[in-house]
Amino acid sequence: MLIAGFPDTREIAKRVAQSLGAHYTEVKVKDFPDSEFHIKLKKNPAHQTVVFITSITKDPDDKLIETILASGIAKDYGAKKVVVVATYFPYMRQDKHFKKYDSFSSKYILDMFKHVDKLLVIDPHLHRIPKMEKLLPQAHAFTVNDLLVEYIKKRFKDDFSIVGPDEESAQWSQKIADKLGKKVVILKKTRFSSTHVKIKEKPLGKNIIIIDDIISTGKTIVETIKMAKRQGANRIICMGIHGVLVNKADKHISKHAELITTNTIENKYAKIDVSPAIVNILKKYR
Ligand code: R5P
């Protein structure tokens, strides 16, 4: 098995390669003068399973092209199997035509991966379409919920309740609370735009851990923090699987709460390493 990383997934990919006793290589990404990418593999991918570990965010469109071209090289040069592990997979929230003539993005973005043998995605935002396989048969989602459970058990000994800031978060907040045997409050959110949300008030508790899949602009989390503070909360922890953290979301959140994410997207709040979950799933695809 050959594990290939990109510059921003180098550390995770190296750890995964080491745990699996596999070779590591890095995808060489260069620009042509007209800004197109020139992608090259440094090792021969022939006759082995080649796994690309990619985090398709920050510049998601660039990262998509890099990942598609790199995995295409492995396919063309005789890899036995081409596997892409996306620690973060973008465009999943646009999972229908929300407004007349807007894009059903997840459908067409997933379709760009039909040349790979397996696309494994960490906690994609699945909502109206419950399984990635519905859009691309070789795509498969896996969760790092257990790593959050372990982290919470080690770090937080006080009594606390789990808060899911919206109904979509239940697949993380509810499931994590169940594993911890803790009370959970799932809130109801209305989204008016990408930066404007409203959340219906409910009693939250004194010590709370808010859990969501994606923290992007942070508006969802900040609205939840405001509610908790109005109710006189003592300690507020915010956990996100994917710290997209745009528009200084982290600054707004960390003023009032401790922010913790995984390293599916590298950032300074990434305290939970997802490489053990990647190793586990890859053992099935050797
Ligand atoms: C959507 O429902 C997701 O689960 C998150 O709640 C959402 O992506 C968070 O976005 P933002 O941080 O921009 O409020």
Side-chain angles (χ1 to χ4, degrees), residues 55-60 86-99 102-107 109 121-132 135 141-145 148 162-177 184-202 204 208-229 236-262 264-270 272 274:
S55 179
I56 309 177
T57 184
K58 303 242 164 78
D59 295 307
T87 60
Y88 180 77
F89 196 88
Y91 287 101
M92 292 301 289
R93 287 177 289 177
Q94 206 63 33
D95 59 356
K96 68 168 193 172
H97 295 285
F98 283 90
K99 292 187 184 143
D102 79 350
S103 61
F104 181 170
S105 307
S106 59
K107 176 172 154 190
I109 297 293
V121 181
I122 296 183
D123 287 297
H125 188 83
L126 293 171
H127 185 210
R128 280 151 288 262
I129 295 166
K131 278 188 176 293
M132 289 192 109
L135 295 176
F142 66 108
T143 184
V144 295
N145 272 352
L148 272 74
I162 302 284
V163 175
D166 57 26
E167 288 162 316
E168 293 164 45
S169 75
Q171 48 188 308
W172 298 279
S173 51
Q174 174 82 60
K175 290 200 170 141
I176 290 172
V184 63
V185 183
I186 307 282
L187 298 169
K188 216 175 175 161
K189 174 175 90 179
T190 311
R191 184 175 282 287
F192 298 98
S193 72
S194 28
T195 53
H196 183 201
V197 299
K198 259 197 173 158
I199 303 182
K200 208 166 163 225
E201 186 108 14
K202 260 192 185 179
L204 301 179
I208 61 165
I209 303 181
I210 307 168
I211 299 181
D212 206 356
D213 58 337
I214 299 171
I215 305 178
S216 180
T217 65
K219 294 287 175 190
T220 302
I221 294 289
V222 168
E223 283 305 304
T224 314
I225 291 174
K226 282 187 196 159
M227 185 187 301
K229 290 195 82 93
I236 308 171
I237 315 288
C238 300
M239 294 181 85
I241 307 242
H242 306 295
V244 177
L245 305 177
V246 296
N247 299 353
K248 300 196 173 128
D250 53 333
K251 301 271 171 308
H252 300 300
I253 295 168
S254 53
K255 256 191 250 163
H256 309 285
E258 182 181 347
L259 174 60
I260 298 158
T261 73
T262 75
T264 59
I265 301 168
E266 283 297 351
N267 70 79
K268 70 176 191 189
Y269 307 91
I272 302 169
V274 297

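Note that ligands are numbered from 1 as they come in the structure, with each ligand's atoms numbered from 1 the same way. Values below: every heavy atom of this structure, side chains too, minus hydrogens, waters and symmetry copies.
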Nearest option to atom 8 (O) of ligand 1, as decided by whichever heavy atom of Met92, Gln171, Glu167, Arg93 sits closest: Arg93
Which of parallel (below 30°), tilted (30 to 60°) and perpendicular (above 60°) describes Tyr88 and His242? perpendicular
For Val197, is the nearest heavy atom under 4.0 Å from an atom of ligand 1? no
Quick one: which ligand 1 atoms are inside 4.0 Å of a heavy atom on Asp213? 3 (C), 4 (O), 5 (C)
Heavy atom of the protein closest to atom 1 (C) of ligand 1 (residue, atom name, distance): His125 CE1, 3.4 Å
Which option out of Arg191, Lys219, His242 puts a heavy atom nearest to atom 10 (O) of ligand 1? Arg191
Mind checking whether His127 contacts ligand 1 via backbone (N, CA, C, O), side chain (CB onward), both or neither, at a 4.0 Å heavy-atom cut-off? neither
Heavy atom under 4.0 Å from ligand 1: found in Val244's side chain, backbone, both, or neither? neither
Surrounding NZ of Lys96 (heavy atoms of other residues, nucleotides or ligands, distance under 6.0 Å), is the total greater than 12? yes
Step through the shown structure and confirm whether more than 12 heavy atoms of other residues, nucleotides or ligands are within 6.0 Å of NZ on Lys189. yes
CD1 on Ile214 to CG on Asp123, rounded to 0.5 Å: 9.5 Å
Check each atom of ligand 1 against the heavy atoms of Glu168 and keep those under 4.0 Å away; list them by number with element. 1 (C), 2 (O)
Sub-3.5 Å donor-acceptor pair from the side chain of Ser55 to the main-chain atoms of Thr87, do we have one? no
I need the nearest protein heavy-atom contact for atom 13 (O) of ligand 1: residue, atom name and distance, please. Thr217 OG1, 2.6 Å
Near Thr220 (heavy-atom distance under 4.0 Å), the atoms of ligand 1 are 6 (O), 9 (C), 10 (O), 11 (P), 14 (O)
Heavy-atom donor-acceptor pair, Thr262 side chain to Ile241 backbone, under 3.5 Å: yes
So how far is it from Leu259 CG to Lys251 NZ, rounded to the nearest 0.5 Å? 10.0 Å
Should the proximity of Asp212 to ligand 1, defined as any heavy atom under 4.0 Å, be assigned to the side chain, the backbone, both, or neither? side chain
For a side-chain contact (heavy atoms from CB on, under 4.5 Å) check, start with the C-alpha distance between Val163 and Ile209, then their side-chain angles and the critical distance, and finish with the verdict. CA-CA 6 Å; Val163 175; Ile209 303 181; over 6 Å; no
Test side-chain contact (heavy atoms from CB on, under 4.5 Å) on Phe142 and Ile122 and set out the steps. CA-CA 5 Å; Phe142 66 108; Ile122 296 183; 3.4 Å; yes
Nearest protein heavy atom with distance in Å, relative to atom 9 (C) of ligand 1: Ile214 O, 3.3 Å
Atom indices of ligand 1 within 4.0 angstrom of Gly218 heavy atoms, with elements: 11 (P), 12 (O), 13 (O)
